Amino acid sequence: MLKKLEELAVRFSELNEQIQDPGLVKDPKKYKDVMREHAHLSQVMDAYAAYKKLLHDITDAQHLVTEENDHEMKEMAREELKSLEARQPEMESHLKMLLIPPDPLEEKNIIMEIRGGTGGDEASLFAADLFRMYTRYAENKGWKYEVMDASETEVGGYKEISFSISGKFVYGSLRWEAGVHRVQRVPETEAQGRIHTSAVTVAVLPEAEETEIEIKQEDLRIDVMRAGGPGGQCVNTTDSAVRITHIPTGLVVIQQDEKSQIKNKAKALRVLRARLFDLEESKKQAERSAARKNMVGSGDRSERIRTYNFPQNRVTDHRINLTLYKLDQFMQGNLDEMIEALNIFAKEAALKNTASAE
């Protein structure tokens, strides 16, 4: 670990020199990459400096314990040594976590897609509940969200809804939300009070910049049509809805949330770009060896990741076996405890994988 930290100290000095170069800002991509790496290594170097001071203090205390003749001073040094050595494992563990390279996707904004699965109307209502939960979490974080497209049901739920969330460390926080969310509760339509089980699917797509995913005009088929509302009703009388088909992959995106055809087309291209980027990232992950796969989950939207049990006020994440008996608070957007646990678990798994690979 110390050897690796010394190597990173050299790299940090190199980055400090690069930042001083006025020509760096002329290359926006390189500038962004350098600043991201510098920010990460700055944290590592601060922790390393604190760790080196701790080692120095331990050495001083050990010297006093063995060399000091004054009994009282020796006892004080022995107590200090005990306290310092107790801090060492925790600091080493923190440093090891910091040594895991950050995923460049973590800082990206996202497009989240929520779809009602098994359970009919109850699933659509829970899809609406999840949408409110995530947007409240976004508001708590000071992030911005925008509805991209929504297909409402007659009972006030969503057959499906897609929305973007932008802010600091959005994908890094919400990436593990992808998968099947199962709900157990008594539906409002249930007269006999029986508990029903329904499911909702969540997809989390990192938003790609135009420079990251090139979409050729000749690869697109763009159709315009009249937008429709719940139950097939017509919500506007102009051909504002847009359907874009990406011919090479067969991906289809429909946007009808805006009254403007131009705005719907722009939104559809954002969603298409995110889906193509997600497709590329999925291919890269599949090519990695099994040992390097993250243990939290595959991100596969068919994987059941969490159960929301309303009668017991319980939410359980099946990937990390964490159960919280505060579902009422969870649904209000208080997700930090769960999200932090998932991120810690992911880093610990990555640390084990790195160690086994070495």
Side-chain angles (χ1 to χ4, degrees), residues 1-64 80-81 83-109 167-173 175-176 206 208-209 211-212 277 280-281 284-285 287-296 340 342-358:
M1 184 180 75
L2 292 175
K3 182 183 177 184
K4 179 68 175 175
L5 286 164
E6 285 302 322
E7 290 172 358
L8 291 178
V10 173
R11 175 60 181 161
F12 188 59
S13 297
E14 292 173 358
L15 291 171
N16 280 330
E17 289 179 13
Q18 287 186 41
I19 288 171
Q20 302 302 318
D21 181 4
L24 182 64
V25 293
K26 294 178 183 177
D27 186 341
K29 186 179 183 306
K30 186 178 179 183
Y31 176 77
K32 190 176 180 180
D33 291 343
V34 167
M35 294 308 292
R36 182 192 293 118
E37 188 181 1
H38 184 270
H40 170 63
L41 288 187
S42 180
Q43 291 182 12
V44 177
M45 289 302 105
D46 286 347
Y48 185 32
Y51 180 66
K52 284 197 289 188
K53 184 180 183 306
L54 177 73
L55 294 181
H56 181 267
D57 291 345
I58 286 174
T59 301
D60 285 350
Q62 286 172 338
H63 180 75
L64 283 171
E80 184 183 7
L81 178 61
S83 173
L84 291 169
E85 288 179 336
R87 288 168 52 199
Q88 188 174 352
E90 185 181 343
M91 290 188 77
E92 288 176 352
S93 178
H94 178 59
L95 270 170
K96 285 175 182 175
M97 287 291 188
L98 286 175
L99 285 176
I100 301 168
D103 186 337
L105 300 183
E106 288 179 347
E107 297 176 15
K108 286 190 173 294
N109 300 327
K168 190 175 181 181
F169 201 68
V170 177
Y171 184 70
S173 298
R175 64 189 305 172
W176 309 120
E209 296 173 17
T211 54
E212 293 175 307
F277 187 75
E280 285 299 311
E281 286 300 313
K284 288 177 187 176
Q285 287 179 16
E287 288 167 2
R288 293 172 187 155
S289 65
R292 292 180 61 192
K293 285 182 182 175
N294 201 289
M295 301 296 183
V296 170
E340 187 178 341
L342 284 162
N343 275 320
I344 289 172
F345 190 91
K347 285 187 176 181
E348 287 176 346
L351 194 61
K352 287 178 186 175
N353 292 336
T354 303
S356 61
E358 291 173 355

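None of these values were measured; they are calculated from a predicted model.
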* Structure fact -> Taken to the nearest 0.5 Å, the spacing of E80 CD from I58 CD1 works out to 10.0 Å
* To do: Go through the steps to decide whether F12 and E37 satisfy the test side-chain contact (heavy atoms from CB on, under 4.5 Å), and finish with yes or no.
  => CA-CA 9 Å; F12 188 59; E37 188 181 1; over 6 Å; no
* To do: Apply side-chain contact (heavy atoms from CB on, under 4.5 Å) to H38 and N16, showing your working.
  => CA-CA 8 Å; H38 184 270; N16 280 330; 2.7 Å; yes
* Structure fact -> Separation between CG (L5) and NZ (K52), nearest 0.5 Å, reads 9.0 Å
* Search all heavy atoms of L95 against all heavy atoms of V44 and return the closest pair with its distance. => CD2-O, 4.1 Å
* Got a sec: does the CD of E90 have more than 12 other heavy atoms crowding it under 6.0 Å? -> no
* If you measure from NE2 on H40 to CE on M45, what distance do you get to the nearest 0.5 Å? -> 8.5 Å
* **Nearest-0.5 Å distance, CZ of residue R175 to CZ of residue F169** => 8.5 Å
* Asked: Quick check: are there more than 12 heavy atoms from other residues, nucleotides or ligands sitting under 6.0 Å from OH of Y31?
  -> no
* CD/E14 to CD1/I19 distance, rounded to the nearest 0.5 angstrom? -> 12.0 Å
* Between E106 and R36, does a side-chain contact (heavy atoms from CB on, under 4.5 Å) hold up when you go through it step by step? -> CA-CA 11 Å; E106 288 179 347; R36 182 192 293 118; over 6 Å; no
* Asked: Ion pair present between D33 and K30, side-chain N to carboxylate O less than 4.0 angstrom?
  -> no
* **Point-to-point distance, once rounded to the nearest 0.5 Å, from CG of D57 to CZ of R87** => 7.5 Å
* To do: Kindly say whether L55 contributes a backbone atom to a donor-acceptor pair with the side chain of T59 at under 3.5 angstrom?
  => yes
* Please lay out, stage by stage, how E6 and K3 fare under the test salt bridge (Lys or Arg N to Asp or Glu O under 4.0 Å). => CA-CA 5 Å; E6 285 302 322; K3 182 183 177 184; over 6 Å; no
* Heavy-atom closest pair, residues V170 and K108 -> CB-O, 3.7 Å
* Evaluate whether atom CD of E92 has more than 12 neighbouring non-hydrogen atoms of other residues, nucleotides or ligands under 6.0 angstrom away. => yes
* L99 side chain near L8 side chain, heavy-atom distance below 4.5 Å -> yes
* Asked: Is the shortest heavy-atom distance from the side chain of E7 to the side chain of R11 under 4.5 Å?
  -> no
* Asked: At their closest point, which heavy atom of A47 faces which heavy atom of L98, and how far apart are they?
  -> CB-CD1, 3.6 Å
* Asked: Are the side chain of N109 and the backbone of P206 linked by a donor-acceptor contact shorter than 3.5 Å?
  -> no
